[in-house]
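The block underneath contains the structure these notes are about, expressed in structure tokens.
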Amino acid sequence: MRLRAQFGQTQRQVPRYPPEDGRHWLVRGAYWHVFGDTRWWLPLGERLRARLVTLLEAVTASQAPQHVAFPDVARADLASFADALTSLLEAHVPSYRHLPRCLLSHTGERLTAWVLASDPEAARETAAQIQGQWEAVLEGLGLPLFPGEGAEARWGLAPAAHGQEALRCPACGYAAPQPWATREKPHPEDEAPQPLTPVATPHASTIQALAEFLGIPESQTAKAVFLRTQESHPRLVFAVVRGDMQVSLPKLSRLLGGVGLEPADEDDIRRAGAVPGYASPIQVHDAVVVVDDLIPLSPNLVAGANREGYHFTGVNYGRDFQADMVADIVAAQPGDPCPHCGRPLEAVLAWPVTHSRGLATDVTYLTPEGKAATVGVAVADVDLAWAVAALAEHARVEDGLAWPPMLAPYDVHLIALRGGEEIAEAVYLALQDEGLTVLYDDRKASPGVKFTDADLIGLPWRVTVGKRSLKQGGAEVKPRQGEAEIWPLEEVAPRLRAWYAEHRDDAA
RNA sequence: CGGGGCGUAGCGCAGUUGGGAGCGCACCGCGUUUGGGACGCGGGGGUCGGCGGUUCGAGUCCGCCCGCCCCGACCA
């Protein structure tokens, strides 16, 4: 490819991302263009992404994957995808003869494997296996990953300077993206239920004020959070967690079928029969009540009385209020106890690059015995944008990028300088004749610009042909992070071809 | 929905008594330069988010509207 005709300018400045962020270098190297929430994969970036996808697809060969184009669903929205999936399975998986199958869809920013198996457990195992193979590829490209789990999903997390918050246990290695992380829950002592008693609590409209006023720990209170679903007919959702904990909106959203949630306003709250500031699940109506699984185990809580200035003591789940759903809906915080070993979790920043999970379905197929069994469905995916951003962050060197040879968008960066134009053309052809891909800087620009761009783009080899190199007997050849040497012109192409034969085991 | 912030050149921004529409990067032309993001001179580019008001005069003051970002829980 001639740089003279290439679309995409390297950038001097990237106000958007600081230099320790991999995305900074993707933008500067003209791999990405970013505007607001929109990301373009420029020609260089698209080649990089294509190479990554090729490498990832290659390792799934043992699953005999078949390519499909599926709707692009965000990971959090998988639950709302259920109806469409049911329709697909009912039509195309009538019996055991049609299982197992592995489908690959490669939409925009995500490579997804859809695993259909004879039971949910087998599907999950296969998806996890594919995920493991993909993680091995990414690790082979220099990306360190640590495993995360939570909400029945597995994650491969790549540490990143400006990643998303994740929680990790330094003792046992448990980790998960923060909204999905779980924590060990306390086991409250059994107590005899006390009678439901109203108590005047003027001005105690926050948990903290309430706990102080009554002289009790926040853990003895129930916190009510009102939300509204983002649907054509919004539902009011009433989430209850213990006063010292916080609600995880993603967990709640998944329970409710993947709908979006937003804070409810005062009118919504009053319409359900509750009083803001003194609200509780007692006697509310026309609302979906979801309580954290710790609440039924916690006797004699203090909760709002749905009356201005009053709370109840002795609130007990089951007797005083019921829920439509009971599940883990708290968001673990740094310092909370690890669900596996109880040691404090610590916050780390990471991008969730790989992910796998089973999908719930009630579609059945006929077994060889003629009985109905549930189709197992699971997905594994790689977020290509985060993968590339994390790879860039780890491929970054002082003055630009340094891609591993397997991944680089081109094999050789060829630069023509003054006095070397014609010979550079010949080298360009010779390199291509050896099967190498070449990015050829034939622009009218100063040497400094060309060298700087080569550093920003970060190909494994740089070949410079100019008056000076010719005087010294050939072309200057420089590995991205090594010393430059002068090679005789006729040796350049064959030697680089030989190097790549050794350092890249794919035929692509 | 409520609270806060921001809308000025392609991008990032400055603009305090209310009177000049500017700076950096990018872009175009000419010349010099040519192995580490060169320099000089010249140039193009704007509904200052929109509408209305105050004023001799509004990017600037007032009102309304639109758009984007952050915050929202019994959250400090």
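Within every chain, numbering begins at 1; the chains are lettered A, B, ... in the order of the sequence lines, protein sequences first and strands thereafter.
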Nearest whole Å is fine: how far is A73(B) P from Leu261(A) CG?
16 Å
Given the C1' atoms of U33(B) and C41(B), what is the spacing between them in whole Å?
15 Å
Using a cut-off of 4.0 Å on non-hydrogen atoms, how would the nucleic acid contact of Ser469(A) be classed: base, sugar-phosphate, or nothing?
base
Side-chain donor-acceptor pair under 3.5 Å between Ser219(A) and Asp244(A), yes or no?
no
Provide the Watson-Crick or G-U wobble partner of U55(B), both distances under 3.5 Å; none if there is no partner.
none
Is the NZ or CZ atom of Arg495(A) positioned over Trp487(A)'s six-membered ring, under 6.0 angstrom from the centre and within 45° of the axis?
yes
Side-chain contact check for Ile207(A): nearest option of A76(B), C74(B), G35(B) is C74(B)
How far, in whole Å, is G22(B) from G44(B) if one measures between their P atoms?
12 Å
Counter-base of U60(B), judged by Watson-Crick or G-U geometry with both distances under 3.5 Å
none
Tell me the interatomic distance from Asp268(A), atom CG, to G72(B), atom C1', rounded to whole angstroms.
14 Å
Applying the 3.5 Å cut-off to both distances, the Watson-Crick or G-U partner of C74(B) turns out to be none
Arg12(A) has its side chain closest, among G35(B), C74(B), C25(B), to C25(B)
Given side chains that start at C-beta, do those of Lys478(A) and Glu483(A) come closer than 4.5 Å, heavy atoms only?
no
Arg462(A) CZ to G36(B) P, in whole Å, measures 11 Å
To the nearest angstrom, how far is Glu218(A) atom CD from A76(B) atom C1'?
11 Å
P gap between A14(B) and G49(B), integer Å
13 Å
Ranking C75(B), G36(B), G35(B) by distance to the side chain of Leu417(A), first place goes to G35(B)
Nucleotide forming a Watson-Crick or wobble pair with C30(B), both distances under 3.5 Å
G40(B)
Whole angstrom is fine here: how far is it from OH in Tyr17(A) over to P in C11(B)?
16 Å
N or O in side chain of Thr452(A) less than 4.0 angstrom from G36(B) OP1/OP2
no
Can you identify which nucleotide, out of C74(B), G37(B), G35(B), has its nearest atom closest to the Arg28(A) side chain?
G37(B)
Considering only atom P, compute the distance from C1(B) to A76(B) and round it to an integer number of Å.
27 Å
If we take the C1' atom in both G46(B) and C23(B), what is their distance in whole Å?
15 Å
How is Asp453(A) classified with respect to the nucleic acid when contacts are heavy atoms under 4.0 Å: base, sugar-phosphate, or nothing?
base
Distance check, P atoms only: C51(B) and G12(B), in whole angstrom units.
23 Å
Between G36(B), G24(B), C74(B), which nucleotide has the shortest distance from any of its atoms to the side chain of Leu210(A)?
C74(B)
Check every strand shown and say whether Leu456(A) touches a base, only sugar-phosphate, or nothing at a heavy-atom separation below 4.0 Å.
base
C48(B) - base-pair partner by Watson-Crick or wobble geometry, distances under 3.5 Å
none
How many whole angstroms separate atom CD of Glu483(A) from atom P of G36(B)?
16 Å
Ignoring hydrogens and geometry beyond distance, is a side-chain donor-acceptor pair present between Tyr440(A) and Glu425(A) at under 3.5 Å?
yes
Kindly point out which of G35(B), G37(B), G24(B) is positioned nearest to the side chain of Gln13(A)?
G24(B)
Can you find a donor-acceptor N/O pair under 3.5 angstrom joining the side chain of Ser446(A) to the base of G36(B)?
no
May I ask you to check whether His162(A) and Asp21(A) show a side-chain donor-acceptor distance below 3.5 Å?
no
Quick one: the side chain of Arg468(A) and the base of G36(B), do they pair up donor-acceptor inside 3.5 Å?
no
Donor-acceptor pair between Gln164(A) and Gln178(A) side chains, under 3.5 angstrom
no
Shortest side-chain distance from Pro447(A), nucleotide among G35(B), G36(B), G37(B):
G35(B)
Taking a pair as Watson-Crick or G-U wobble with both distances under 3.5 Å, which nucleotide is matched to C23(B)?
G12(B)
Partner lookup for U17(B), please. Criteria are Watson-Crick or G-U wobble with both distances under 3.5 angstrom; report none if nothing qualifies.
none
Heavy-atom side-chain contact between Trp41(A) and Tyr31(A) under 4.5 Å:
no
Please give, in whole Å, the distance from C74(B) P to Asp292(A) CG?
16 Å
Pick the C1' atom in A73(B) and in U16(B), then give their distance to the nearest Å.
41 Å
Using the C1' atom as the reference point in each nucleotide, state the distance between C69(B) and C64(B) in Å, no decimals.
22 Å
Once you round it to whole Å, what is the distance between C1' of A26(B) and CD of Gln9(A)?
9 Å
Give one of base, sugar-phosphate or nothing for Ala264(A), where a contact means two heavy atoms less than 4.0 Å apart.
nothing
Does the side chain of His340(A) come under 3.5 Å of the side chain of Glu149(A) through a donor N or O and an acceptor N or O?
yes
